[in-house]
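Here is the structure we will look at.
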Amino acid sequence: MGDNQEYYGTEYGLCPSWALSLGYMGVAAGAVLSNWGSAWGTWKAGVSLLNTGIRHPSSVMKNVIPIVMAGGIGIYGLLIAVI
């Protein structure tokens, strides 16, 4: 089993030659899209936090939670993409 061809089973037709690149593209897409969504959620929650700070200064700390959760989603997306 020193050959990569035997290891991936391509000699017997079990795995097409493009399967690994498709898997890596899925990993990259998962990481990029989850972090893009997290950044977008952080931006939207930040705008909401600024608006709340102007209108209701006493309730600013309640609106910090969505910003933290959006960051958590980005970290979760990276973990899932790696796994």
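As the structure is a prediction and not an experimental result, all values here were calculated from the model.
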**OP:** Starting from V64, walk the hydrophobic network (Ile, Leu, Val, Met, Phe, Trp, Tyr; side-chain heavy atoms closer than 4.5 Å) and list everyone else you reach, by chain and number.
**Re:** L49, V60, M61, I67, V68
Original post:
Do L78 and I83 share a hydrophobic cluster (ILVMFWY, side-chain heavy atoms under 4.5 Å, transitive)?
Top reply: no
Would you list the atom pairs, donor with acceptor, under 3.5 Å between side chains in residues 30-46 and any protein atom, with sequence neighbours excluded?
unit_1 : atom_1 : unit_2 : atom_2 : d
S34    : OG     : G30    : O      : 3.0
S34    : OG     : A31    : O      : 3.2
N35    : ND2    : A31    : O      : 3.1
S38    : OG     : A70    : O      : 2.5
T42    : OG1    : S38    : O      : 2.8

Subject >> For M69, the rest of its hydrophobic cluster, which grows through side-chain links under 4.5 angstrom >> reply: I65
Original post:
Rounded to the nearest 0.5 Å, how far apart are CG of N51 and CG of N63?
Top reply: 9.5 Å
